[in-house]
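Please find one structure pasted underneath; my questions will follow.
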Amino acid sequence: MKSIILLIVLGTSIIVSGQQKSQIYFDVTKPIEERVENALSLMTTEEKVALCHAQSKFSSKGVPRLGIPDVWSSDGSHGVSDEKLWDEWSSAQWTNDSCTAFPALTCLAATFNPEMSLLFGKSIGEEARYREKTILLGPGVNIYRSPLNGRNFEYMGEDPYLASRMVVPYVQGVQSCGVAACVKHFALNNQEISRGEINVSLSDRALHEIYLPAFKAAIQEGKAWSIMGAYNKFRGEHCCQSDLLLNKILKQDWKFDGVVVSDWGGVHNTDEAVNNGLDIEMGTYTNGLTTQGHFPFSSYYLANPFLKGIKEGKYDMAKLDDKARRILRLIFRTTMSANRPFGRFVSPEHSKAARKIAQEGIVLLKNENNLLPIPVGKYKKIAVIGENATRSLVVGGGSTSLKVAYEISPLQGLKDKYGKEHIVYSMGYASGPSLYGREEPSRLNADSLLNAAVEIAKTADVVFFVGGLNKNYFQDCESGDRKSLSLPFGEDKLIESIQKVNKNIVVILTSGNAVSMPWLQKIPSVVQAWYLGSEAGYALADIISGDVNPSGKLPFSIPKKLSDIGAHAFDKLCYPGDSVNVQYKEDILVGYRWLDTKKIEPLFPFGYGLSYTTFAYSKPSVDMSDLKPDGTVKVSFLLTNNGKVDGAETAQLYVSKSKSAVLRAAKELKAFKKVFLKAGECKTQTIELPISSLAFYNERKQVWEVESGSYLLLLGSSSRDIKGKVDVKVLSN
Ligand code: GLC
């Protein structure tokens with residue numbers, strides 16, 4: 001036999017047909033890139049293609065022959081979902097996968113505290129690690145463009161700078177556990193109506209200044225190892241196979257070296273999937289979460305059709321190798337990494353983290369006559385009214401629905417805090433079953449629920465109304481948007497009825513979106529409480545009782561009416577589109593950028609949140625010694641806690657440029673700093689502002705550009721509560 005293949009396995013080396021083929025990819029001391037190239041050189045074409053598509057609902061193949069593990073992913077951004085059946089959305093009914101539910105990401109954003117993001121990422125990363133996941137399918141950072149978007153609760157608000165600062169530590173925290181974060185949904189998935197096909201068009205400035213920054217930060221600063229393409233189209237291309245988004249912006253401009261995963265069912269043809277930057281195709285033949293497509297995985301676009309195209313020379317092997325390299329790199333960064341830490345699941349530390357993040361995210365919106373805090377023992381009879389005081393708010397909402405180890409309801413938390421003998425509960429309203437894809441009103445009689453609630457309110461010392469939205473379809477739920485800004489389920493009428501019999505009422509809203517508040521003038525205290533996860537009741541009771549001083553700030557504006565919001569100030573084509581196209585006509589003026597530029601008063605502004613103490617700001621001063629375009633400007637001021645309790649304040653720095661060659665928003669958030677001060681404490685604060693952050697995106701040149709000239713820096717406690725201004729002049733290059 002001419003060529004004797006002598007297979008001698010020496011340690012990790014194989015001698016094949018006379019040529020040494022070492023298996024150094026196993027050698028964890030070698031640089032990852034060397035391991036990638038070595039593994040790639042040992043793989044067949046079939047094995048490389050097999051890496052690029054699902055083998056089950058939530059996994060894709062590794063290389064069994066070479067001992068390279070499969071890639072297992074799991075939702076979601078605020079908790080590791082339970083195990084699913086092999087090729088189904090439904091639960092596998094395991095008995096060891098009930099997780100800790102962390103607060104939803106709007107709550108995290110409302111903390112305005114990047115340290116909470118790192119804590120969040122590490123905690124959820126440990127849970128994903130313990131569950132042996134390679135990829136955690138989160139965080140979501142799509143910009144809050146409309147208060148009707150069903151998935152805003154999963155994201156980090158309306159401001160690109162806030163979302164950028166909060167996403168980076170989250171990604172770093174998750175990946176410190178040896179699990180890949182998968183920032184999503186890239187990009188422009190800002191509504192759920194027609195999400196699978198809607199074609200988004202907008203200006204390059206709005207794209208780069210509003211909708212991409214959080215993704216760019218997650219990739220370039222957070223070093224995210226994976227990213228998920230969105231369902232929708234952008235400029236005619238599906239985002240999961242968009243040459244502009246994936247090849248040009250993500251991989252070429254941002255130098256992304258990780259893996260692009262499709263959203264589930266987001267891939268539509270082989271040519272574009274192969275050529276336009278997608279690396280792993282997941283969930284094809286489903287339209288996300290509702291249509292079960294029982295097609296063999298081998299028929300996926302990046303399966304046999306891709307293999308056939310490679311063999312026929314229709315697709316370059318280089319395209320396949322690039323995908324395979326990225327997937328191998330992700331595996332060597334996670335399941336085959338040298339020092340992959342161990343995880344933890346439902347640990348006391350995770351409960352502590354969930355409670356802390358929830359405490360710091362809760363926003364006190366109104367507190368007349370200091371009705372709050374209500375210390376334990378102050379009142380003998382406390383009425384708790386509202387379905388959200390007892391309803392599970394971790395179940396439903398779509399792919400972030402969780403099977404949790406426990407969930408402390410607001411009612412339970414309040415009973416633990418005040419003593420159950422002092423608490424009486426009435427449901428007040430009913431929302432109906434938590435279904436996916438459709439809503440079903442409750443069969444309970446609304447009038448009798450309301451009357452029963454009013455009865456207990458009459459004789460209570462104080463009433464805690466716990467309502468808001470929930471995870472039902474057409475509320476805060478994936479694949480559908482809300483139909484109006486109003487509170488659902490007759491809650492407005494219920495609040496009015498309660499208020500008529502008891503003026504001592506605190507309205508507590510659990511939601512991931514803004515709601516209208518027609519009763520606001522008559523209600524002394526209002527708390528925005530988010531979806532707080534497993535520790536919800538404890539965190540809420542900590543704030544209500546004053547054991548913890550609220551420090552959250554709104555990550556989105558709450559308008560007086562829907563048409564005050566930019567996306568709703570034009571026509572149907574602007575939102576939600578005509579089912580084919582949607583045009584972001586408000587352009588760069590999203591959220592407070594619209595309200596402030598158009599001089600529209602919000603109900604509650606972006607960045608707003610009260611405390612049980614008060615803070616005083618001195619006039620800001622500025623060190624202007626370094627105002628070249630690559631320099632920084634330092635803004636200093638004295639911040640004093642001039643109240644009676646310790647607390648935290650988030651000082652915000654906005655920038656305004658009146659004379660500009662281009663449209664500018666009235667103000668833009670460019671820095672913030674959360675400061676904890678004891679009662680009476682006063683400290684000098686310095687905020688550093690890189691001059692480069694003043695740049696606008698020059699569409700003609702396709703580059704970021706800092707205009708010289710004067711800028712007004714506005715120091716505030718919210719986007720509307722400006723405490724001081726200082727003018728700076730940026731020198732030209
Ligand atoms: C869903 C969601 C995505 C999720 C994925 C897997 O349709 O859009 O956020 O991670 O499919 O459940």
Side-chain angles (χ1 to χ4, degrees), residues 53-60 71-92 97 99 104-106 124 128 131 133-142 149-156 167 170 174 179-198 214-215 218 224 226-233 238-240 259-268 278 280-293 300 395-403 436-437 471 473 476-481 512:
H53 62 85
Q55 67 172 355
S56 75
K57 189 61 86 181
F58 283 95
S59 76
S60 53
V71 174
W72 280 91
S73 59
S74 177
D75 286 312
S77 296
H78 49 257
V80 181
S81 59
D82 61 322
E83 210 60 29
K84 307 299 181 191
L85 292 175
W86 185 253
D87 183 24
E88 304 294 340
W89 292 107
S90 39
S91 171
D97 55 356
C99 71
L105 295 194
T106 34
I124 195 171
R131 289 280 319 288
K133 301 302 174 186
T134 318
I135 302 175
L136 176 74
L137 299 172
V141 288
N142 291 102
N149 177 18
R151 296 188 82 172
N152 279 332
F153 73 97
E154 293 185 48
Y155 307 145
M156 298 188 181
V167 71
Y170 180 111
V174 168
V179 174
C182 185
V183 63
K184 67 187 185 181
H185 305 87
F186 189 62
L188 300 159
N189 183 181
N190 306 102
Q191 66 188 58
E192 291 298 291
I193 291 177
S194 329
R195 69 173 178 171
E197 289 302 325
I198 197 81
F215 289 103
S226 70
I227 189 169
M228 185 188 295
Y231 279 129
N232 52 282
K233 289 179 180 175
H238 273 101
C239 291
C240 292
V259 172
V260 178
V261 178
S262 77
D263 201 338
W264 268 238
V267 184
H268 298 270
L278 180 71
I280 301 183
E281 172 189 1
M282 298 299 290
T284 295
Y285 303 121
T286 68
N287 61 3
L289 291 164
T290 51
T291 304
Q292 297 295 341
Y300 270 37
V395 171
S399 54
T400 56
S401 182
L402 296 173
K403 179 169 83 176
Y436 191 69
K471 301 289 186 71
Y473 203 62
D476 283 327
C477 182
E478 179 174 341
S479 105
D481 283 355

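Counting convention: from 1, in listed order, for ligands and their atoms alike.
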Exercise. Hey, is Met228 one of the residues with a heavy atom under 4.0 angstrom from ligand 1?
Worked result: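 Judged by the 4.0 Å heavy-atom criterion, Met228 does count as contacting ligand 1.
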Problem set entry | Contacting atoms of ligand 1, where contact means under 4.0 angstrom from a heavy atom of Phe58 | 6 (C), 12 (O)
For this session: Run the salt-bridge test on Asp97 and Lys403 with the 4.0 Å N-O cut-off and return the result as yes or no.
Result: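 Counted as a salt bridge, because a side-chain N and a carboxylate O are separated by less than 4.0 Å.
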For this session: Please determine if Trp89 has a nitrogen or oxygen closer than 3.5 Å to a nitrogen or oxygen of ligand 1.
Result: no
Exercise. With atoms numbered from 1 as shown, which atoms in ligand 1 lie under 4.0 angstrom from a non-hydrogen atom of Lys184?
Worked result: 3 (C), 4 (C), 9 (O), 10 (O)
Problem set entry | Salt bridge flag under 4.0 Å for residues Lys57 and Glu83 |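 So Lys57 does not pair with Glu83 through a salt bridge.
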For this session: Check Arg151 against ligand 1 and report side chain, backbone, both or neither, counting heavy atoms closer than 4.0 Å.
Result: side chain
Problem set entry | Distance filter under 4.0 Å to Arg195 heavy atoms, resulting ligand 1 atoms | 7 (O), 8 (O)
Exercise. Between Leu105 and Ser77, which heavy-atom pair has the shortest distance, and what is it?
Worked result: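 Scanning both residues completely, I find the closest heavy atoms to be CD1-CB, 3.7 Å.
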Problem set entry | Exercise: identify the closest heavy-atom pair between Val260 and Leu278 | O-CD1, 3.7 Å
Exercise. Any N/O of Tyr231 closer than 3.5 Å to an N/O of ligand 1?
Worked result: yes
Exercise. What do the steps show when you test Trp264 against Leu137 for side-chain contact (heavy atoms from CB on, under 4.5 Å), and what is the final call?
Worked result: CA-CA 11 Å; Trp264 268 238; Leu137 299 172; 3.6 Å; yes
Exercise. Is Met282 touching ligand 1 with its side chain, its backbone, both, or neither, if touching means heavy atoms under 4.0 Å apart?
Worked result: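 Within the 4.0 Å criterion, Met282 makes no contact with ligand 1.
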For this session: Please report the closest heavy-atom contact between Trp89 and Lys84, naming both atoms and the distance.
Result: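 For Trp89 and Lys84, the tightest heavy-atom pair comes out as O-CD, 3.2 Å.
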For this session: Carefully, step by step, assess His185 and Arg151 under the rule side-chain hydrogen bond (donor to acceptor under 3.5 Å, both in side chains).
Result: CA-CA 11 Å; His185 305 87; Arg151 296 188 82 172; 3.3 Å; yes
Exercise. With respect to atom 6 (C) of ligand 1, which of Asp75, Ile135, Thr400 exhibits the smallest heavy-atom separation?
Worked result: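 Result: the heavy atom closest to atom 6 (C) of ligand 1 is in Asp75.
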Problem set entry | ligand 1 versus Lys57: contacting region, heavy-atom distance under 4.0 Å | neither
For this session: Locate the shortest heavy-atom distance separating Cys477 from Gly398; write the atom from each residue and the value.
Result: SG-N, 4.1 Å
Exercise. Is the shortest N/O to N/O distance between Asp263 and ligand 1 below 3.5 Å?
Worked result: yes
